A.B. asks: 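Before we start, here is the structure in question, set down as structure tokens.
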Amino acid sequence: MYIKQVVIQGFKSYGHKTVVESFDQRHNVVIGRNSSGKSNFFGAIEFVISDEFNNIPSGQRTALINKEVASRSATAFVEIVFDNSNCPIEHGKQDIRVRRTITQSKDQYLLNGKVTSRKEIVEFLETLGLSISNPYYIVKQGKINKFATARPPQLLQVLFEIADIRVYNERRQNSLKLLQTSCEDMKHINKSLSTIKQYMDALAKEKSVLENYDRLDKDRRALEWVILEKEHMETSAEINALDLNKSTLEETKEELEKKTRRLKKELDQKGKILMTIQRKLENEKQTQNFLTKEHNSLEQRKAALELKLSDLYGEQTRETTRKEDLQSRLSKLNKEIAFREDKFKKLSRQYANLAKEEDIVNDKLLKRKQQRNELLDKLRRSSQFASPAERDEWLNKELVELKDQIARKQSVLQEAEREFNIWTEKCKRQSKIIGKQQQVYERMLQEDAKYKMRLNELKVARIRYQTAIEQLLANESLLMQQLSSSKDDHAKLDQNLCKRIGKATLVGYDSAHKVLDWFHSQGPAQQDVVDGYCGLVADNFSCPSDIEQAVEVTAGNQLFYHIVSTDQISAKLLRKFNERKLPGELHFMPLNRLNGKKYQYPAGNDDVVPLISLLKYDQRFELVYQHIFGRTLLCKDLELATKLAKRSGLACVTYEGDQVRSNGPMKGGHHRYHVSILRLHCQCVDARTKIIQMEEELLAQQELLASNARDLKSCEQELDNVELQLNKLRKSIEMSLEEKQRLPERFHQQNEQAMNNESRLRTIRTEIELLLRHRKALSDELGKDMNQQHLSQVEQQTLQKLDNKIRELEVRKRERFTERLDVEVAKNKLNNLLHSNLFRQREELCKPLESNTLQADITNSIEICRQQTAELENKIKVVQHRKDDCEKRIAAESIKLKNHMEELNASGQTLRSLEEDMVENSQHLNPRTINRFTLAMKLGDISEQMANLGALPSVDPKFHDFSMQEAS
């Protein structure tokens with residue numbers, strides 16, 4: 001055998017598949033350039049047949065796989081094909097292929113295409129002479145020099161290893177050890193054979209003894225069988241006697257147990273009723289406690305409000321007293337101000353009159369002085385000028401100058417008149433402004449009162465809305481609690497009903513209502529479908545409570561079939577049911593498809609009655625209930641039901657729910673449910689109706705709450721708006737009041753200015769009049785003779801009168817001036833007293849009187865407290881009424897609880913009596929049961945002993961004549 005072919009792929013530098021073949025059977029030489037793959041070629045051969053690449057870690061495996069291959073498949077293999085033409089192994093195969101494949105995670109060997117282990121590969125290589133223990137079948141480059149320079153002993157050892165002499169010596173030593181062990185085993189076997197021979201001799205002696213024993217044993221077994229047979233017959237007789245007595249006691253026990261079960265059932269029902277009453281009583285007591293707490297809380301709030309209202313009344317009284325005091329002081333002050341103002345007006349008129357008189361006196365004085373001066377000037381001009389022409393020239397100049405002065409004075413007069421008219425007009429306007437300002441101020445006060453009134457109304461409304469919202473929230477919370485409790489109860493009822501009738505039927509009932517709601521939402525077009533649906537079978541009839549069990553057993557799930565007027569309506573409902581992919585199942589009873597059949601019922605027996613005759617239903621559904629209950633008779637007991645079913649051919653049912661068919665089958669048993677399906681369904685319907693009503697009531701409460709919330713928000717917005725407008729108005733009132741207070745002073749100033757202008761106007765007019773008189777005198781003098789050097793007698797008298805008049809007028813002028821000055825001083829003092837003192841006092845008094853904010857707040861608070869007190873009183877009345885009703889219910893429930901407790905105690909006493917009878921019966925029954933059990937065990941032991949005797953020989957007849965003592 002030799003290497004015929006080497007196939008390399010993915011190993012080190014051999015990325016692609018490389019096939020090396022045409023090897024010589026003896027010697028082969030591999031030549032090539034450096035890095036051409038010679039070492040990797042020999043490494044590939046070592047990779048398969050050498051132990052050097054055994055147990056390669058994953059990191060070294062990756063190093064053995066070509067990088068290009070690693071980027072694609074990360075697999076490498078080397079396959080060596082051995083030529084087996086001389087058939088040293090595996091006869092019939094020309095080539096033997098050994099392949100080794102590695103990846104990053106596995107190392108696999110294949111022998112002729114089959115996966116094999118490395119151990120099998122090593123054994124195969126050893127058959128070829130390539131043993132792992134011989135390391136010299138592959139000689140690497142470094143070992144050649146070592147062999148060439150080795151000493152003879154070393155070369156001898158190498159030859160031993162190459163020739164497998166060392167291996168042969170090791171195996172020879174192992175074989176010698178095995179041969180020695182086998183010799184020792186032979187010695188032990190010979191000893192055992194001698195021992196067995198001695199044992200066989202002893203057994204031969206025992207055989208004769210055993211044959212004698214077998215003969216005696218047969219006689220013994222025959223006697224034992226006879227004894228056991230007699231004991232068996234006696235024990236069986238005793239057991240039959242005990243069974244006869246036990247059957248009587250067991251019948252009594254069964255009757256007692258039946259009564260006990262029935263009484264326990266009644267006690268259980270009464271216990272549940274009692275628990276329900278206790279639960280209701282506890283709930284009512286909790287409600288009573290809650291109402292008592294709420295009543296006490298409302299009473300406390302009412303007392304607090306009454307105290308607050310009393311304080312507000314006291315504060316209102318104090319405020320009223322304070323305002324009355326301020327009003328009294330203001331009245332006195334107004335009287336004093338009126339008196340001072342009247343006096344000021346008189347002084348003002350007196351001052352004006354004195355000023356006018358002074359002006360008149362001054363005018364007269366000036367006129368008199370001018371007349372005197374003219375006479376004196378005329379006398380002086382007669383001596384001043386030399387000729388009339390010179391005088392006339394001077395007079396003309398004076399006339400021109402006077403003309404200019406008069407013109408100037410007249411323009412000044414016009415200006416003064418214009419100013420006087422302006423100030424007079426200002427005084428009139430100011431007077432009108434004062435009146436208008438008073439009207440504006442009064443109108444603002446009226447608006448302020450309206451805003452305050454509206455503000456109080458809004459505050460009261462806000463409190464009313466807040467109180468209503470609080471009450472609605474409390475009602476909503478209570479309703480939500482009740483709704484949650486009702487939903488929990490309804491869920492429990494639904495769960496119990498679902499257990500009884502099945503989930504599919506109950507879910508189908510809900511889905512049917514969803515489909516009906518959809519048809520109802522479509523309007524009149526689908527109204528015929530809604531009208532054609534008549535409800536469940538269970539919803540359309542009623543029956544006495546004592547036959548509910550019989551009705552349920554007879555109808556079964558047909559109680560939850562849906563009644564419709566026609567099959568077309570049922571088809572529409574089913575079509576929509578399937579379109580919407582609703583869960584559950586539906587069963588319909590179309591009235592137009594049902595055929596009623598009349599049955600002949602047996603008469604003359606009060607213990608038998610047709611079941612349908614005890615039902616109450618609408619005659620429209622006669623066919624439905626005839627179909628379900630028409631062929632069923634209600635019987636008193638099962639025995640009567642069995643007889644009637646055979647004789648009448650009708651189905652029979654008892655009050656307990658046991659059924660007998662006419663064709664023979666019977667159905668019955670214990671019904672562990674204490675509440676009937678009909679009653680459970682009615683409770684579910686009532687609970688669902690109650691939940692719907694509570695949800696509608698809750699929705700109405702929520703809508704009312706939302707409406708009140710919107711009204712409260714609108715009220716608060718309007719309240720904020722009114723407060724804003726009121727603040728603006730108060731600022732405007734303050735500004736108007738300030739303006740109102742400034743206007744009289746301004747009017748007084750303007751009036752003073754007008755009076756000054758009037759005085760100035762009189763003065764200017766007087767001056768103009770004097771200038772005109774002077775011009776007239778000069779004009780009269782112009783052209784007259786200058787011969788007179790002295791005044792005439794008349795002129796002298798006139799001059800003297802003028803001097804006297806001037807002196808008189810000067811005296812009068814001084815008097816008027818002094819008098820006017822005194823009046824002016826008095827007037828100024830009075831004016832200062834009014835404006836600096838009295839008016840300010842009046843303003844200080846008017847401000848708290850005109851500002852009704854505190855009084856309005858107190859009034860508003862009183863009104864709010866009154867409303868809150870009234871609302872609390874109404875709430876207290878409602879709570880008291882609810883509390884009284886709750887106490888009545890508690891009293892009624894307590895009476896019911898007491899009655900049920902008495903009934904429960906009586907039933908318990910009866911149950912205890914029955915249990916005592918059962919104990920007494922058990923005391924008689926248990927010993928018999930124990931005796932029978934003992935005898936049965938004895939009988940079993942006897943039977944077992946008889947069976948253990950095995951196959952008996954023929955029994956000697958004389959053994960049957962032995963008595964028990966002789967046989968023993």
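All values reported here derive from a predicted model rather than from experimental measurement.
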A.B. asks: Below 4.0 angstrom, N of the basic side chain to O of the carboxylate: do Lys487 and Glu695 qualify?
C.D. replies: yes
A.B. asks: Between His16 and Asn66, is any side-chain donor less than 3.5 angstrom from a side-chain acceptor?
C.D. replies: no
A.B. asks: CD1 of Ile80 to CD1 of Ile96: how many Å apart, nearest 0.5 Å?
C.D. replies: 12.5 Å
A.B. asks: Calculate, to the nearest 0.5 Å, the distance between atoms CD1 and CG belonging to Ile501 and Asn496 respectively.
C.D. replies: 11.5 Å
A.B. asks: Check this for me: Gln568, atom CD, are more than 12 non-hydrogen atoms of other residues, nucleotides or ligands nearer than 6.0 Å?
C.D. replies: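 No, CD of Gln568 has 12 or fewer neighbouring heavy atoms, counting only those of other groups under 6.0 Å.
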A.B. asks: Could you tell me whether a side-chain N or O of Arg100 sits under 3.5 Å from a main-chain N or O of Phe47, the two making a donor and an acceptor?
C.D. replies: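 Checked: pair present.
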A.B. asks: Got a salt bridge between Asp489 and Lys690, using NZ or NE/NH1/NH2 to carboxylate O under 4.0 Å?
C.D. replies: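 No.
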A.B. asks: About how many Å separate NZ of Lys4 and CG of Asp95, when rounded to the nearest 0.5 Å?
C.D. replies: 4.0 Å
A.B. asks: Are the side chains of Leu573 and Leu586 in contact, using a 4.5 Å heavy-atom criterion?
C.D. replies: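 A side-chain contact under 4.5 Å is absent here.
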A.B. asks: Check whether any side-chain heavy atom of Phe560 lies under 4.5 Å from a side-chain heavy atom of Val537, and answer yes or no.
C.D. replies: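 Phe560 does not reach Val537 side chain to side chain.
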A.B. asks: Please examine the side chains of Val564 and Lys572, heavy atoms only from C-beta on, and report whether any two atoms are closer than 4.5 Å.
C.D. replies: no
A.B. asks: Does any part of the side chain of Arg575, heavy atoms only, come nearer than 4.5 Å to the side chain of Glu579, both counted from C-beta?
C.D. replies: yes
A.B. asks: Nearest 0.5 angstrom please: Ser485 OG to Ile691 CD1, how far?
C.D. replies: 9.5 Å
A.B. asks: Is the number of heavy atoms from other residues, nucleotides or ligands within 6.0 Å of NZ (Lys503) greater than 12?
C.D. replies: no
A.B. asks: Between Lys191 and Thr195, is any pair of side-chain heavy atoms under 4.5 Å apart?
C.D. replies: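 The answer is no, as the side chains (C-beta and beyond) never meet within the 4.5 Å cut-off.
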A.B. asks: Just wondering, are more than 12 heavy atoms of other shown residues or ligands nearer than 6.0 Å to CZ in Arg580?
C.D. replies: yes
A.B. asks: Starting at NZ of Lys17, measure out to CD of Gln9 and round the result to the nearest 0.5 Å.
C.D. replies: 6.5 Å
A.B. asks: Is the NZ atom of Lys38 crowded by more than 12 outside heavy atoms at less than 6.0 Å?
C.D. replies: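 Yes, enclosed.
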A.B. asks: With side chains defined as the heavy atoms from C-beta onward, is the minimum distance between Leu536 and His681 less than 4.5 Å?
C.D. replies: yes
A.B. asks: Does any part of the side chain of Phe42, heavy atoms only, come nearer than 4.5 Å to the side chain of Val30, both counted from C-beta?
C.D. replies: yes
A.B. asks: How many angstroms lie between atom NE2 of His562 and atom NE2 of His587, to the nearest 0.5 angstrom?
C.D. replies: 8.0 Å
A.B. asks: Would you call Ile569 and Pro590 a side-chain contact if the rule is heavy atoms closer than 4.5 Å?
C.D. replies: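 Not touching, per the 4.5 Å side-chain cut-off.
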